[in-house]
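The next block holds one structure in the form of structure tokens; read it before the comments.
In each ligand, atom 1 is the first atom listed, and ligand 1 is the first ligand listed. FYI, the numbering just counts along the sequence from 1.
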Amino acid sequence: MVSSTTRQTATDLDVAAIRADFPVLNQEVRPGAERLSFLDSAASSQKPASVIETLDDYYRRYNANIHRGVYQLSEEATQRYEAARHLVADFINAPSARECIFVRNTTEAINLVAHSWGRRNVNAGDVVVLTVMEHHSNLVPWQLLAEEQGAELAFVRMTPEGRLDLDHLDTLLTREPKLVAFSHVSNALGTIHDAVEITRRAKVAGATVLIDGAQSVPHLPVDVQSLGCDFLAFSGHKMLGPMGSGVLWGRRELLEAMPPFMGGGSMIRKVELSGSTWADVPAKFEAGTPAVGDAIGLGAAVEYLSELGMDRVQAHEHGLAGYAFARLGEVPELTIHGPKMTEGRAAVFSFSLGDVHPHDVAAILDSENIAVRAGHHCCQPLMRELGDVATTRASFYVYNDHDDINRLVAGLGRVRQIFGSA
Ligand code: PLP
């Protein structure tokens, strides 16, 4: 549990105190090297000691399968697993914890919806609206579904600034799509989409709405009731939680009407040789032995973030985004992709540096203990829109500060020296 007096003031995060909670950030990665500047949280965040200790405690003290054993260890594991579900539900203001299904990640959550809801509700000739900015996780499952069902995918265009073209959304909505699925925050460009407005318009057109919250739930206050969506998918490992933890939230009436995703133990009410009936939600969608420790660890991550306060997390990252904009703007030949202002943008920066290959940029930064991402960020169609195959991406979180940005800018200066452009 985080003490609320040491890691934040009324309005700010105390980054030094937060960094002290993250063992990875406090080790010597290379002898004598400067501290690690971890700028790849959009891929996976680091984990605070409270999450690591929660996992350790589970495996050392009460490791057992859940919902099955009539003995103390199993009862404790079950109780903590279900308590984590309540923590997650409160975190996104879900009307009921039963609407939160533990999965491995955002990808699995979206595949669950495509498989169970999609095969029931999307038929030949139907339209599914996505956007050109989606992560492959919110694209490929729908391609598979469309191919199988004979449905059509339509894509909301992007403006030159890297925002969604809402007039084009309106045009696509006249086709009365069955589903509109979009990411709340772009992992490649950092754009924060107006999820409330997009959802409102999609609902008026009669569509079911799925929001990919992989990059929003870790970084902003997200409230499913004020968003008005039908499904929200997110990954625990991007929000300080363990690898292999994730959540699908869905409206109860939709979840209840959907057939199971996978069949097996735990998800049944009664099994006969001739057929079976299903358990109530969420068990219907949690076939087999779940990742018990990881779900409990995700609960600890949610407690940590809640103690910091998601408003403060958002404000902190907004401040970092502003500073990063100003400092990256000083680097000659550096082009930031996506919105050219901090409003409506997350602390995720994809950029190109002259004609230096992003892998070279990342490798040189790594030699200075600065971890960034290089590649297509699982957004190949978006990269094509940008006219590039890859970018370098720096993404920031609660443990980053101005010094990380200063080090990044200095490192980019060295990249330019090495490549003879400075
Ligand atoms: N959606 C977005 C916007 C993402 O950024 C990511 C991961 O980077 C995903 C989906 C997939 O997340 P996961 O790999 O945890 O399933």
*Using salt bridge (Lys or Arg N to Asp or Glu O under 4.0 Å) as the criterion, list what pairs up with K203, not counting sequence neighbours.*
D230

_If the condition is salt bridge (Lys or Arg N to Asp or Glu O under 4.0 Å), which residues does K284 pass it with, not counting sequence neighbours?_
none

Identify each donor-acceptor pair in which a side-chain atom of residues 348-357 lies under 3.5 Å from a protein atom, sequence neighbours left out, and give them as a table.
residue, atom, partner, partner atom, Å
S350, OG, A188, O, 2.6
S350, OG, T391, OG1, 3.0
S352, OG, H337, NE2, 2.7
S352, OG, D388, OD2, 3.4
H357, ND1, H359, N, 3.0

*Close-range residues for ligand 1, whose non-hydrogen atoms fall below the 4.0 Å threshold*: A42, N105, T106, T107, H135, S137, N187, D212, A214, Q215, S235, H237, K238

*Are any of the side-chain nitrogens in R414 or E368 under 4.0 Å away from the carboxylate oxygens of its partner?*
yes

_Check this for me, if you would: do D401 and R407 make a salt bridge, where the nitrogen-to-carboxylate-oxygen distance has to be below 4.0 angstrom?_
no

*If we ignore angles and hydrogens, is there a donor and acceptor under 3.5 Å between the side chains of N406 and Y323?*
yes

